[in-house]
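Because the structure is predicted, anything quoted here is derived from the model rather than measured.
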Amino acid sequence: MKTLRDAKIGKPVTVVKLHGEGALKRRIMDMGITKGVTVTIRKVAPLGDPLELTVRGYELSLRKADAEMIEIE
């Protein structure tokens, strides 16, 4: 299983599935990260956390722990 944390900077990927439970999964979905959406990693913070993503035309910061719950292809 490949997760968003494993994605390369600048390469668009497609979300296949969201893992996690309850409020955490709902929060990720509320940010616009849903099944089938294209996500691109723009930057990674100097210490590696968080990731800056482009989702549905806007920028979003996401922790690595949350990125591990997003399965991609």
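Judged purely by atom type and a 3.5 angstrom limit, D49 has no side-chain atom pairing as donor or acceptor with the backbone of R63.
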Review item, side-chain donor-acceptor pairs of residues 24-48, under 3.5 Å, at least two apart:
from	atom 1	to	atom 2	distance (Å)
R27	NH2	D66	OD2	2.6
T34	OG1	R56	NH2	2.6
R42	NE	E52	OE2	3.0

For residues 4-22, dump all side-chain donor-acceptor pairs below 3.5 Å to protein atoms at least two apart in sequence or in another chain.
from	atom 1	to	atom 2	distance (Å)
R5	NH1	E68	OE2	2.4
D6	OD2	T3	N	3.2
D6	OD2	T3	OG1	3.3
H19	NE2	E71	OE1	2.9

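Here the OG-CG distance, from S61 to L51, works out to 8.5 Å after rounding to the nearest 0.5 Å.
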